[in-house]
Every structure is written in C-alpha cells, then in structure tokens.
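The block underneath contains the structure these notes are about, expressed in structure tokens.
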Amino acid sequence: MSDFFTMSILVATVASGIRLATPYLLAGLGETVGQKSGVLNLGVDGVMQLSAFFAYWTVLETDNLFLGSIVGVVVGIVMGVVYAVVTVVFQAQQGISGIGIFLFGLGFSDLMFRRQVGTPRPANQLPELPIPILSDIPVVGEALFEHSALTYLAFAMVPLLAFMLRSTTFGMNIRAVGENPQAADSLGVSVAWTRTFAILIGNAMAGLAGAALVLELGIFQPNLTAGLGFIAVALVYFGAWRPAGVMSGALLYGLVAAVVLQWKAQGIIPRGASDIAAMAPAVLTILALVILAGRVQAPSALTRPFSRH
Amino acid sequence: MSDQVMLEMRGITKRFPGVIANEDVDFDVRAGEVHTLLGENGAGKSTLMKILFGLYQPDEGEVIWQGSPAEIASPSQAIEAGIGMVHQHFMLVPTLTVAENVALGLNSGRGPFTDLDAVSDRIRQISDQHGLAVEPSVDVWRLSVGERQRVEIMKAIYRDAQLLVLDEPTAVLTPQEVDDLFEILRRMTDEGRGLIFISHKLHEVMALSDRITVLRNGRVSGHTTPAEASREKLAEMMVGRAVKLTPDRPPVATGSPRLEVRSLSVQGDRGTRAVDDITFEVKGGEILGIAGVSGNGQREIAEAIAGLRAPLPGSHISLDGQDVAALKTKERRNMGLAYVPEERMKDGAVADFSVSENLILVNHDQEEFMSSGLFNFDAIRRHCTELVERFAVKTPTIDTPTSSLSGGNIQKVIIARELTGDPGVLIASQPTRGVDIGSAEYIHEQLIAQREKGTATLLISEDLDEVLGLSDRIAVVFEGRIVAIVDAEDATREAIGLLMAGVVEPTG
C-alpha cells in the first residue's frame with residue numbers, strides 16, 4: 001500500500017492521468033462549443049470511433065503521425081457536415097440524430113477495420129515531446145511537460161476557446177444563438193451558419209480526440225472508445241459550459257482512472273474488485289453532476305431547433 | 001409633425017392555406033407621427049408587420065419606403081433600410097451584456113473582434129440624447145422589464161432606425177414605466193422618426209396616437225384619430241359590434257368570508273421569498289382584485305391557495321372556515337375551489353386533448369361520468385355539449401383538439417370547466433390575457449354572474465382596467481407584499497399605478 005506514495009509512482013500516475021485526460025478534454029471542449037450554440041451532439045463517441053480508425057489506418061499505411069491526426073480531424077468534419085445538415089438544415093431532433101451518428105460511427109469503423117485491417121497490428125505511437133527547460137524541472141517537469149503534441153494542443157485549446165467564446169464576434173454570436181436564436185436572427189446573425197460552424201469545430205475536435213486516443217495506444221480495436229465520447233458530453237455539463245470547467249472534469253476523470261490503473265497494477269485493488277474500481281471515474285462524474293445539478297443554467301436554446309415560424 | 005410620408009403599404013394581400021391574413025390593406029406612416037395599428041389577435045396586424053420586416057412576402061400589393069418601392073426580403077434588410085422593431089417578447093440574449101446585445105449582428109469592429117468599448121461609448125451618447133437610461137456593461141438578465149425595453153429601443157436607435165414598430169410595448173410595464181416610455185417615444189417623433197404602435201390597450205392608444213388604423217379579419221375596418229374616436233368606438237371597430245368595456249356590476253350582498261389567507265409566505269422558484277406575510281379575505285359574492293406588475297408574487301399566491309406550492313411555515317389558508325394546510329389540490333377542489341391558472345396552455349389545459357377531455361379534466365372521476373371504472377361516454381358528451389353551448393365556445397366539435405382553438409375559446413373551455421358546479425372560491429389568474437375583446441367581455445360577464453351566485457373570487461390580473469372594472473376591493477402587491485387594499489369605488493388608475501410601483505404615500 002505504501003508503495004503508491006513513492007515519488008516516482010506518484011509522478012508517473014499524474015503523467016498518465018494527464019495522458020488519459022487528453023481525448024476527454026479534446027472531445028469535451030468541442031462539445032462545449034457546439035452546445036454553446038444550442039446544439040447537443042450525442043454522436044461524439046461515434047465520431048471519435050470513426051476518426052480513430054481512419055487515423056490508425058493512415059498511420060499504419062504511411063507511418064505519418066501528423067497525416068493520421070489530420071485525417072482524424074477531416075473525418076470529424078465530414079461527420080459534422082452530415083450532422084449539421086440533419087439538425088440545422090432539416091431541424092431534426094438532436095438527441096435521436098446524435099444517437100444515429102454514434103451508431104453509424106461504431107458500426108462503420110468496425111466494418112472498415114474488419115475489411116481493411118482484420119487483425120490488430122501495432123502502428124506508430126505518438127512520441128513524447130519533452131519541452132526543453134520546463135521538462136527539466138524536478139518532479140513537475142516529468143509529470144507535466146513530457147507529453148505528446150496532441151496533449152499539449154488539447155490543453156492549449158482551453159484558454160484559446162475560452163477567449164474565442166468570450167471575446168470574439170464569432171464567440172458572441174455562438175453564445176447568442178445558443179441562448180436566444182430569435183433575437184440573433186432578428187439582428188441579422190445567421191443562426192444556421194453560426195450553429196453549423198460551431199458543430200464543425202466540435203466535430204473537428206472530436207475527430208482529433210479519436211486520433212489522440214488511438215495514436216497514443218498505437219493500436220485499434222472495434223469499440224475502442226467504449227463510451228468515452230458520452231463521458232465527454234457529461235463533462236460539458238460537469239464543467240458548466242466553460243472550457244476551464246471541462247478541463248477540470250477531464251483531469252479529474254483522467255487522474256482517477258490513472259490511480260485505479262496504478263493500484264490494479266500494484267495489486268492494491270484485489271483482482272475481483274477491479275471491475276468495480278474501473279467504474280470509479282464514471283461514478284465520480286455522476287456524483288459531481290448530481291451535486292452540481294441545477295446550479296448552472298444550460299444554454300437556453302440547447303437541443304431546440306431554430307426556425308422562423 | 002410633417003406631412004412627409006415615410007412608408008406606404010398599398011393593397012397588401014397575404015394568403016395562407018385556408019386563411020386570408022391580409023386583404024387589400026393600405027397603411028402609411030408619416031415622419032414624426034405615431035400611427036397606431038389596432039386589432040384583435042388574428043386581425044392581421046402581425047402579418048402586416050412581418051411583411052414590413054421581410055419575414056413574409058406579400059401575394060399582392062407593394063411596400064414603398066422613403067418614396068421608392070422596396071423589396072424587403074429579410075429582417076436584416078429591413079434594419080439596413082432604417083426600420084426597427086421592438087418585439088412584444090423581447091429579442092434579447094439574457095446572458096450577454098447590454099453592449100453585446102446592441103452590437104450583435106453589426107459587423108462593427110476590428111477583424112474577428114467587436115469593439116465593445118466603442119459600442120458602449122455610443123450607447124452612452126444615445127442614452128443622454130434620448131433619455132434612455134441603460135448601462136452598457138451590465139448583463140441583460142439583471143435588468144428590470146422596463147430597462148430591457150429601453151435596451152430594445154436602444155438597439156433600434158443605434159442602428160439609426162427612422163421607423164420603429166412597437167409591438168404591444170406596454171404589456172409588461174407599470175403605469176409609471178408606460179409614462180416614461182411615452183416620453184421617450186415622443187422625443188423620437190420630435191426628431192422626425194415615425195412610429196407604428198401596436199396595442200390593444202385602448203386608453204394608451206388614445207393617449208399616444210396621431211392616427212389610428214383598425215384591422216378586423218385581415219381588412220382595414222377604419223381609419224380614425226383620437227380626436228374623432230372614443231374607447232367604445234375603437235372597440236366597436238375592432239369587434240364589429242357594440243362592446244361593453246366595463247361590465248355592469250349589480251350590487252350584491254356579501255356573505256361570510258369564504259377564502260381566508262393569513263400571514264402567507266411562499267418561496268419562489270429562485271429560492272427567494274416571493275410572497276412575504278400577506279393577509280386578506282374574500283367574502284361570498286365579492287371579487288377581490290390583485291393588482292400588480294407581473295412577478296410580484298401573484299403566481300405564488302395563486303399556487304399556494306390551489307395547493308400546488310407549499311407555503312412557508314406559519315402561513316394559514318382556509319376555505320369556508322376550514323384550514324386546508326394539510327389538504328391536497330384535489331381535496332381542496334372537492335371543497336369547492338376552482339382555479340383558472342395564468343398559463344393557459346401549460347397549466348390550464350392539455351393542448352393535445354380534445355375539448356371534451358379538457359372539459360372534464362378535473363371531474364372525470366365523478367360518478368356521473370363513470371360506470372364500473374370506465375368512462376360513460378354518453379354522459380360525458382351530453383355534459384360537454386351543454387357546456388360548449390352555454391359558454392359559447394366556438395369549436396367545430398367537442399372532439400376537436402383544444403390546441404386548434406383560438407386563445408379566447410381555449411380560455412372559455414377552461415372557464416366553463418372551472419365554473420361547473422358553482423365553486424365557492426374561484427381563483428382567476430389573468431383570465432383575459434391575450435383573449436379577444438368579444439371573449440373577454442363574455443368571460444367578464446361570467447365572473448360577474450358567479451359573483452351574484454355567492455362565489456368568492458380572487459381576480460389576479462396585470463390589466464388594470466380589468467381589475468378596476470370587475471373588483472369590489474383591490475389589493476395591490478409589490479415585491480411579494482400587499483402594499484394596500486382599497487375599495488374599488490375609491491380607486492383611481494393613477495393611485496393604483498403608484499402603489500404597483502411600490503410608492504406608498506403616507507395616509508391620513
């Protein structure tokens with residue numbers, strides 16, 4: 001038991017928590033942008049799945065991690081176009097449409113994997129890129145500054161998106177169409193385009209999240225995400241529609257998951273109980289949601305399609 | 001007032017499947033005048049304004065703006081042309097600041113950013129110039145209704161609107177706020193702007209208008225001016241027949257108190273004390289009017305009496321002398337309580353149910369409608385057919401979905417249901433809000449008739465004319481307290497208006 005508290009294991013656990021948090025953070029941030037504009041996307045998990053497969057397949061074929069990540073983003077955007085057409089142009093029910101996107105992503109990635117790859121083969125993994133100087137700081141350096149490029153990018157997106165939402169005209173339009181689309185429309189703000197761009201940003205980030213997940217592991221398997229995208233949606237509520245809040249949620253989730261993994265590896269958690277322990281992050285998130293419920297108001301127009309008449 | 005015509009709408013016709021919303025409507029506005037558009041719900045006012053705003057295209061007719069034919073295809077084109085609109089339901093984003101709300105949709109700025117400092121400066125400048133007090137940096141959700149309306153007007157002036165449409169702008173204001181608003185509007189006409197004022201509050205129409213155009217069933221039923229018209233004449237032009245605006249109230253001997261409320265305090269939705277230690281009683285044969293601006297505890301009072309909201313400890317409510325604290329809504333109803341809620345479609349009726357289903361919503365479990373646990377449809381049909389006839393509900397059949405009826409007829413369905421079996425105590429919340437004049441007249445008659453039958457009525461209304469016209473006594477609420485209870489005979493609009501704004505003058 002006391003082994004856990006040695007410095008090196010603590011550092012490794014924190015580092016692994018940050019690594020595990022990355023896909024949650026990317027997907028959660030993207031979902032935040034979409035929800036701020038009034039669009040709930042429950043298909044995040046399916047998008048991640050599909051992006052993860054194509055990113056993996058690209059890297060398998062080309063050994064090019066950068067290209068793999070880009071492909072992940074592009075697949076996300078393509079799915080975003082589909083989702084925008086369904087929910088913005090045709091104003092379909094967002095909840096049901098999102099589940100459709102999820103099921104498509106799950107099924108199609110599975111099919112493509114079986115047809116094109118068959119048995120799991122390892123692909124190149126994202127390399128750790130220690131940041132010069134910062135990574136030399138004792139303890140903190142190893143935990144925080146020896147990560148992959150996508151992890152750095154994910155955390156850099158937190159202030160960037162917060163700034164975008166708060167201080168740019170586009171961000172103001174997103175907030176307006178998520179709260180009162182009629183008002184925005186009456187002033188000549190295009191609700192459809194604003195929501196469409198917000199969806200595309202969200203899906204691009206979900207795609208990147210899928211790429212980050214699979215390229216960190218270096219291997220793909222059907223249902224790789226195992227519901228990760230749904231947790232990301234929950235983290236948006238947990239984070240009260242603020243990028244920093246979503247980051248706290250993703251970190252909490254990642255760190256708890258890392259601790260559970262570490263304890264399992266060390267045998268601190270008895271074998272029989274490990275499945276129960278694996279639920280800890282989810283249970284924590286649900287508890288947090290229950291406690292926070294009702295304290296923060298969701299964007300008023302969330303899930304409500306907009307039409308003029 | 002100059003004679004320069006800013007806007008001319010000529011021979012406007014707009015058809016929808018099965019309905020002619022506007023038929024050969026002529027309407028114009030001159031610079032510097034207030035031209036009122038008056039008419040019942042469904043008379044075609046909003047269709048005409050939606051055409052002006054580019055939300056609809058007319059089937060026939062033309063819009064001439066500043067001397068030349070205008071093709072207005074969208075609200076943003078209308079705004080660009082200099083036409084602004086203050087919507088009845090404010091078009092504001094509560095989570096954005098005043099400056100952000102004003103700047104929304106204007107591509108004024110530096111690249112991807114909006115220069116909110118510049119916007120704020122210009123807002124302050126317009127504020128000073130027009131007497132529109134608004135603080136640019138405040139989030140809109142913090143503002144009072146009157147302030148929000150000033151933000152709406154600010155949005156229009158900021159975009160340099162020469163013509164401003166005001167759709168029922170006074171519906172949510174206190175009489176004092178209405179005075180302030182009219183002051184602001186007069187300054188705007190002095191500058192040569194034109195105003196289209198849409199309202200059904202006849203005394204306001206008389207006070208503010210230069211000219212009045214009345215619409216009925218999609219057609220212009222007449223043009224007039226306040227000098228030529230009277231409230232009664234305007235109502236007649238709207239409805240097409242003589243209308244009694246103030247119902248006759250024969251004297252009625254009041255009985256013993258049937259509803260007693262003592263030290264009632266109730267928590268509101270936001271956890272605040274929405275009703276704070278109020279005490280009143282209503283006798284049989286009496287109508288007690290509750291006057292006040294929306295959101296001063298009226299809804300909570302009604303819901304507490306109806307048993308839909310638990311009062312705070314120390315509160316007492318009794319019906320016919322019996323404490324009902326421990327009784328559920330159903331049990332209170334069985335004691336003779338009836339409730340017409342303010343949210344007609346949310347709390348008063350099930351929209352998707354048929355007229356007959358809504359008519360028996362509260363008493364379908366009574367013996368006369370049930371036999372061995374099943375509905376007795378014959379008895380239900382008889383009962384509902386009779387109610388529909390007696391209350392003059394205009395509906396194709398009693399099986400028609402309630403949602404397809406007009407607001408006035410839906411309200412008649414609810415009133416018919418609640419007055420079934422002559423309730424001892426009736427709570428009527430906003431009984432005629434959004435209801436056409438004809439139906440309102442009818443509903444008022446029913447409330448008066450019920451008073452003669454000995455019902456104790458609590459009439460909650462934001463319509464001061466309604467409260468003054470129907471009540472025997474008037475209680476004015478402000479911030480959850482009753483600031484005064486006065487006899488209706490001694491009450492004046494002005495005095496009640498001041499009380500509604502929380503101004504309590506020292507008595508005696």
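Every chain is numbered from 1 and lettered A, B, ... according to where its sequence line falls, protein lines coming before strand lines.
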Exercise. Heavy atoms under 4.5 Å from chain B: which residues of residues 81-103 of chain A carry them?
Worked result: none
Problem set entry | Heavy-atom contact with chain A under 4.5 Å, split by part of B:His87 | side chain
Seminar exercise, completed: Rounded to the nearest 0.5 Å, the CG atom of B:Leu55 sits from the CG atom of A:Asp185 at a distance of 7.5 Å
Exercise. What distance do A:Ser186 atom OG and B:Lys155 atom NZ have between them, rounded to the nearest 0.5 Å?
Worked result: 5.0 Å
For this session: Verify the neighbour count for atom CZ of A:Arg242: are there more than 12 heavy atoms of other residues, nucleotides or ligands below 6.0 Å?
Result: no
Problem set entry | Exercise: identify the closest heavy-atom pair between B:Leu104 and A:Ala184 | CD2-CA, 4.1 Å
For this session: Would you indicate whether the side-chain heavy atoms of B:Thr114 and A:Met172 approach each other to under 4.5 Å?
Result: yes
Exercise. Within a radius of less than 6.0 Å around CZ of A:Phe66, do more than 12 heavy atoms belonging to other residues, nucleotides or ligands occur?
Worked result: no
For this session: Using modelled atom types only, decide if a donor and an acceptor are shared between the side chain of A:Thr168 and the backbone of B:Phe113 within a distance under 3.5 Å.
Result: no
Problem set entry | Close side-chain approach of A:Glu179 and B:Leu96, heavy atoms under 4.5 Å | no
Seminar exercise, completed: By residue number, those in residues 191-204 of chain A with heavy atoms under 4.5 Å from heavy atoms of chain B are none
Seminar exercise, completed: d(B:Phe90 CZ, A:Gln182 CD) to nearest 0.5 Å is 15.5 Å
Problem set entry | Residues, nucleotides or ligands: over 12 heavy atoms within 6.0 Å of B:Gln129 CD | yes
Exercise. Is the count of non-hydrogen atoms from other residues, nucleotides or ligands lying under 6.0 Å from B:Asn217 atom CG greater than 12?
Worked result: no
Exercise. Between A:Leu187 and B:Arg159, is a side-chain contact (heavy atoms from CB on, under 4.5 Å) present by the stated rule, with each step listed?
Worked result: CA-CA 10 Å; A:Leu187 295 175; B:Arg159 287 164 173 75; 3.7 Å; yes
Problem set entry | Atom pair NE2 (B:His89) and CG (A:Asn180), whose distance is rounded to the nearest 0.5 Å | 11.5 Å
